[in-house]
2 protein chains.
Amino acid sequence: MPQTKKSTLVLVAERAGVSIASVSRVMNGLPASDQIIERVRKAADELGYVPDATARSLKAGRTEQIALAVADVGNPVYVGMMHEISRVVTKAGYRLVLSSTGSDPRDQIDLLTSLNRGFADGLILSPLRVPEELGAQLEASRLPIVIIGSLPPGVELDNVRADSVAGVALAVDHLVEQGRSRIAFVNGPVDTVPGAARLNGYVSALTARGLPLNQDAQVSAKDFTYKAGLKAAARLLDQCTPDAVVCSNDLLAIALMKVATARGLRVPDDLAIVGMDDTDIADHANPAITSVDLGSVTRAKTAAKLLLRRLEDPQAPVEQIVIEPTLTVRASSVTRTTEG
Amino acid sequence: MPQTKKSTLVLVAERAGVSIASVSRVMNGLPASDQIIERVRKAADELGYVPDATARSLKAGRTEQIALAVADVGNPVYVGMMHEISRVVTKAGYRLVLSSTGSDPRDQIDLLTSLNRGFADGLILSPLRVPEELGAQLEASRLPIVIIGSLPPGVELDNVRADSVAGVALAVDHLVEQGRSRIAFVNGPVDTVPGAARLNGYVSALTARGLPLNQDAQVSAKDFTYKAGLKAAARLLDQCTPDAVVCSNDLLAIALMKVATARGLRVPDDLAIVGMDDTDIADHANPAITSVDLGSVTRAKTAAKLLLRRLEDPQAPVEQIVIEPTLTVRASSVTRTTEG
DNA sequence: AACGTTTCCGTAAACGTTTACAAACCCGAA
DNA sequence: TTCGGGTTTGTAAACGTTTACGGAAACGTT
């Protein structure tokens, strides 16, 4: 049961016996005589007055809100990114509005027109797929947008992305060092931005090291989920016998580990596994999974900072930043020495 | 580089040669002559006009936003709840604003005064801790609030909570059925709402079944995280030798499993493990973990619906709903038959 | 005592909508 | 032709702020 009727500047002004301008000034800490300050403070306290955010926004032309749209809320890597973005923008005095876009690309252009209604001051967008027409839409936006992930060619927008090629290369190098040579690959859908990039990374890493590329050693799951990973893993192990697998995702990696152990393979002895994104689940798995950190948290933080920067200086030059990957080695890929 | 200058009702009206009222009417689908509709549509299209959300909010007194505050964004169970709430409110035409409150209880009252600024139309709050003074603050709010979890006594607010006692009872019954008798308990902090409730459930479940309560068989982690769970698990296994453990959380459960297997205990043969919340990690673990679903998703959905209902009917009677728990049995707790 | 400066405060306009009200119009009936 | 009723349209007020502007008051200076 809400009880306190909403109180406005006018009410406070009447009660304090001053003009609304004075009330506004006192509330915003602008210069005023001690006497007025005192009277306004008292009246405001008695009425429990708090300034209205909407009215202020209308006048100021800023909502103090930032919109965040991520494609797949279920994936832990996005949760981590969201968390980080939330931290950064909150500290800067902004609220975070969650705009979940489904996989339907129409959602994204809906989001953009909706953004033009001005419910937020800017947008951070991390799309799974980037259809051609999105480019124009993005550039036509009245409000600043920062993209996490690759852009359509030619689009000039603030942008932060991962270096998937370097990332997969880290994984492959590590596995080769550990004495593995039949390195397979479990990917997500190749028509997504990360799927395409990671496949590209796998192919170039193997060819760069003179390892044979075998079609049977590559599968791609229907999406980046655990469940799809189970099926993909089964398919992979049916059609080849690798001694190591790179997975484009930690979820796919634990799915593979489950399937592999169910088939009697020991990890890492019979099969080394490397995941990607370095989320908590990689660390929590048993055995813990080696994972390539594609810098998701750093990307998130960087994207948030880029947006904040552009909000305070719309003329700032466009930045396109690439975050370098790192490898966290855990038990799932380390070949045990036999003596001891 | 934003390019299209913002266009307003006035601009559209001028271009179409009609009054702003007519433009507004056409945009909102109110009756107008075909001729006016045509002219306005054309002008609006040419200018790329989209109505301003802030101005509309000011006039209407509604922001079409719902605020969500959860204590611990890292915990997967909250992620699932957030996801569900997002779905429900989005479908109803609301945007979701994330207001992360830290563990500091001051954050919560800050949030409440901030809510009174009217940046959202209502709030869904899932607090970890509920200090005394919060009750009054909650009741004094001008805007509707739905609480997920227990309330301070005497506070009359829409509320959805889990039945922890029944939940732990499900777990204990199941373990007893499987022939276990030394059932230990890994809890989170007991000064939190879920921590207190689940401890209560454990104690009453064991006494109800005539099982001995042993202080050595109970530990509580510093918080509900995996890392704290590792320490708590080690402590537990140092001080007693249970044949089954109930964990108040899936994260604590996988931490326990890791520690147990590292000590050479086989799950479930030597140690049965039951988690709580039934999150993805329980299913993804190897072996998969039996878990009590305290209805987190249902609670989230119900809370969202309660809030929507109250928004459209502020006079509706206060609802306090308890969601019944269910048990999902998986490999971690099923005693294998020896023959076969 | 008259003047310029500075400080303080109130009036009113503006932000971009929605909507109550009234004016204007159209139509058919008397 | 005049009138009444209904439809369509425009004018203006309102939502709750912030802020440019000008007037009033206070003060020190010649």
Chi angles and distances behind the side chain to side chain donor-acceptor pair (under 3.5 Å) call for B/Gln137, B/Gln108: CA-CA 9 Å; B/Gln137 289 277 352; B/Gln108 303 204 1; over 6 Å; no
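- Proximity note for A/Ala55 (side chain, C-beta onward) versus D/dG16, D/dT11, D/dA14: the nearest is D/dG16.
- Heavy-atom minimum distance, A/Leu157 versus A/Leu151: O-CD1, 3.8 Å.
- Between A/Thr8 and D/dG16 there is no side-chain N or O to OP1 or OP2 distance below 4.0 Å.
- Looking at heavy-atom distances under 4.0 Å, B/Ala32 makes contact with sugar-phosphate atoms alone, never a base.
- For B/Phe119 against B/Thr63, the heavy-atom pair with the smallest separation is O-OG1, 3.5 Å.
- Contact annotation for B/Ile20: base contact, defined as any heavy-atom pair under 4.0 Å involving a base atom.
- The phosphate of C/dG10 (OP1 or OP2) has a side-chain N or O of A/Ser22 nearer than 4.0 angstrom.
- The side chain of A/Lys6 approaches D/dG16 more closely than any other nucleotide in the set C/dC9, C/dT17, D/dG16.
- Between the side chain of A/Thr113 and the main chain of A/Asp110, a donor-acceptor pair closer than 3.5 Å is present.
- End-to-end axis angle of the helix from C/dA1-D/dT30 to C/dA30-D/dT1, from C1' rotation axes over five pairs per end: 70° (rounded to 10 degrees).
- Between A/Pro31 and B/Val50, the residue anchored nearer the 5' end of DNA chain C, judged by the nucleotide with its closest heavy atom, is A/Pro31.
- Relative to the side chain of A/Leu58, the nucleotides D/dT19, C/dG16, C/dT18 differ in distance, and C/dG16 lies closest.
- The listed nucleotides are C/dG16, D/dG16, D/dG10; the one nearest the side chain of B/Val18 is D/dG10.
- Looking at heavy-atom distances under 4.0 Å, B/Ser24 makes contact with a base.
- Taking 4.0 angstrom as the limit, A/Thr54 places none of its side-chain polar atoms (N or O) nearer than this to OP1 or OP2 of D/dT17.
- Using a 4.0 Å cut-off, some side-chain N or O of B/Arg56 falls inside it from OP1 or OP2 of C/dT18.
- Closest heavy-atom contact between A/Gly135 and A/Val155: CA-CG2, 3.8 Å.
- Of the candidates D/dC15, D/dT18, D/dT19, D/dT19 carries the atom nearest the A/Ala21 side chain, counting heavy atoms from C-beta on.
- When each of D/dG10, C/dT18, C/dG10 is scored by its nearest atom to the side-chain atoms of B/Leu9, the top-ranked nucleotide is C/dT18.
- The nucleotide whose nearest atom lies closest to any side-chain atom of B/Ser19 is, among C/dC15, D/dA14, D/dT11, D/dT11.
- Side-chain N/O atoms of A/Arg117 and base N/O atoms of C/dG16 include no donor-acceptor pair closer than 3.5 Å.
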